[in-house]
Amino acid sequence: MRATVMHGAGDVRIENVPDARLVEPTDALVVVTRGAICGSDLWPYRSMEHDDAGRRMGHEFIGVVEAVGTDVRTVRRGDVVGSPFLWSDGTCVFCKEGLHSSCLHGGRYGFDDVDGGQGEAVRVPQADGTLVALPVDRDDALMPSLLTLSDVMGTGHHAALAAKVAPGRNVAVVGDGAVGLCGVIAAKRLGGERIIMLGRHPDRVALAKELGATDVVSERGDEAVERVRELTGGLGVHSVLECVGLEQSMLTALGVARAGGAVGRVGVPQEEAIPASLPTFFKNVAIGGGPAPVRAYIEELLPDVLDGRIEPGRVFDRVSGLEGVPDGYRAMNDREAIKVMIDF
Ligand SMILES: [Zn+2]
């Protein structure tokens, strides 16, 4: 079968790989119908050292079940299914607490002989705990929004929860990528009052406004912090969604939090240390977040997608076939595209 393999920075290829197949009795074999390129795929795209064998890519996908192992009970051949970006058993102590991203028997797509999602088919481990049957046809018009439940919408929701967004609270979203835009949707959905998008790309901030942002701050660094304070009576915001992961974005996020506020970080940190330890200590700022337990959120978010109350699929501004995926990486890295959907 054909699949996406990264061999190093800037070197993404579509190659023939061994066909996906059932291995464990708890596996499902899913033929992928839609996939996506993630902002987090761009970190290795910029930095990975050359590797002849390469790394299988992709962790956001929807597909049709082709076959299931003998122990699988919740999905069957022919079901249209979505998957969170991590696989998990749904039964361990952490899954029961809703923290599927720490599943004791879970893992990542593209590692340990598990296929990546940017390919024609995927062996899904722990299928009962991982997959969610979707009540739609494989070409339903809602596919783009349903696909965001694999990662970016659930991740934006996680940032909003970690930032304690609630009715009457002011919110800032740092980062105008797909996760930040979904963070705006999540903040509005949870009742955030003023929702300030920190971003500077005209098409992205325009979309942020359509999705619920009430204000846009295009300055950076200290000027951005000043501007957010001006908008909030000098105090800063209650809730900050950090959706980038760089030291500068984290400094901005911590700087715009008001005393007693909370920062939910979902951008993968590119530095070891969290900055601004002293100021955030004296302001009693809570810092939370991490990899989103997306599986825990699908049930909550799915009805809103099916009813059209939220439209996170609007973050996709480019559609590509599998062979166009390398150019999709380039386009996202060059900020030509916000997010690329792969239509198989
Ligand atoms: Zn588990």
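Worth knowing before you read on, the calculation uses all heavy atoms, side chains too, and leaves out hydrogens, waters and symmetry mates. Whatever order the structure lists ligands and atoms in, that order sets their numbers, starting from 1.
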[X]: partners by side-chain hydrogen bond (donor to acceptor under 3.5 Å, both in side chains), with sequence neighbours left out:
X: Arg309; result: Asp304, Asp307
X: Thr155; result: Asp151
X: Asn333; result: Arg46

Lys/Arg N to Asp/Glu carboxylate O, Asp327 vs Arg318, below 4.0 Å = yes
Arg330 atom CZ: more than 12 heavy-atom contacts under 6.0 Å = yes
query = With no hydrogens and no angle check, do the side chains of Thr74 and Asp128 hold a donor and an acceptor under 3.5 Å apart?
reply = yes
query = By residue and atom, what protein N/O/S atoms are less than 2.8 Å from the Zn ion (ligand 1)?
reply = Asp89 OD1, Cys92 SG, Cys95 SG, Cys103 SG
